[in-house]
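Because only heavy atoms are used, hydrogens play no part in the values below, and waters and symmetry mates are left out as well, while side chains stay in. This structure is a prediction, so every number in the text was calculated from the model and none was measured.
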Amino acid sequence: MRTELVTTLKRQATELLSELERNKEPILITQHGVPSAYLVDVETYETLQRRMSLLEGIARGEKAVEEGRTLTHAQAKKRMNRWLK
């Protein structure tokens with residue numbers, strides 16, 4: 001992953017965006033030597049968002065199991081049938 005100064009982003013935004021689109025490699029933007037942001041292409045960002053959503057759903061499911069909030073197969077099927085009508 002490459003690192004760029006925020007001033008480089010300001011001066012060469014079009015070029016950086018073109019490279020980002022072509023290479024799909026995130027760029028770390030620093031400000032005063034401190035990491036400030038990551039620049040990623042749209043496709044990568046959307047993929048990360050979908051993955052995060054899936055992981056959050058799994059975490060909610062694991063917590064429900066730990067807390068005993070589970071259903072039998074028949075109960076779950078009955079609930080799903082109500083939703084699908």
Expected list for residues 74-81: side-chain donor-acceptor pairs under 3.5 angstrom, two or more places apart:
{"from": "Q75", "atom 1": "OE1", "to": "T72", "atom 2": "N", "distance (Å)": "2.7"}
{"from": "Q75", "atom 1": "OE1", "to": "T72", "atom 2": "OG1", "distance (Å)": "3.3"}
{"from": "N81", "atom 1": "ND2", "to": "K77", "atom 2": "O", "distance (Å)": "3.3"}

Please tabulate, one pair per line, all N/O donor-acceptor pairs under 3.5 Å involving side-chain atoms of residues 2-18, not counting sequence neighbours.
{"from": "R2", "atom 1": "NE", "to": "E4", "atom 2": "OE2", "distance (Å)": "2.9"}
{"from": "R2", "atom 1": "NH1", "to": "E19", "atom 2": "OE1", "distance (Å)": "2.1"}
{"from": "R2", "atom 1": "NH1", "to": "E19", "atom 2": "OE2", "distance (Å)": "3.3"}
{"from": "R2", "atom 1": "NH2", "to": "E4", "atom 2": "OE2", "distance (Å)": "2.5"}
{"from": "S18", "atom 1": "OG", "to": "T14", "atom 2": "O", "distance (Å)": "3.1"}

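Minimum heavy-atom separation, S36 to Q31: OG-OE1, 3.6 Å. Of all heavy-atom pairs between L28 and P35, the closest is CD1-CB, 3.9 Å.
If you take CD1 on I29 and OH on Y38, they are separated by 10.5 Å, rounding to the nearest 0.5 Å. In this structure, NZ on K24 lies 4.5 Å from CG on D41, to the nearest 0.5 angstrom.
Counting only residues at least two apart or in different chains, side-chain hydrogen bond (donor to acceptor under 3.5 Å, both in side chains) contacts with residues 51-71 comprise E67-R69.
In this view, E46 satisfies the salt bridge (Lys or Arg N to Asp or Glu O under 4.0 Å) rule with no residue, not counting sequence neighbours. A search for salt bridge (Lys or Arg N to Asp or Glu O under 4.0 Å) contacts involving E25 returns nothing, not counting sequence neighbours.
Heavy atoms of other residues, nucleotides or ligands lying less than 6.0 angstrom from CD of E43 number 12 at most.
Chaining together hydrophobic side chains whose heavy atoms lie under 4.5 Å apart places V40 alongside Y45.
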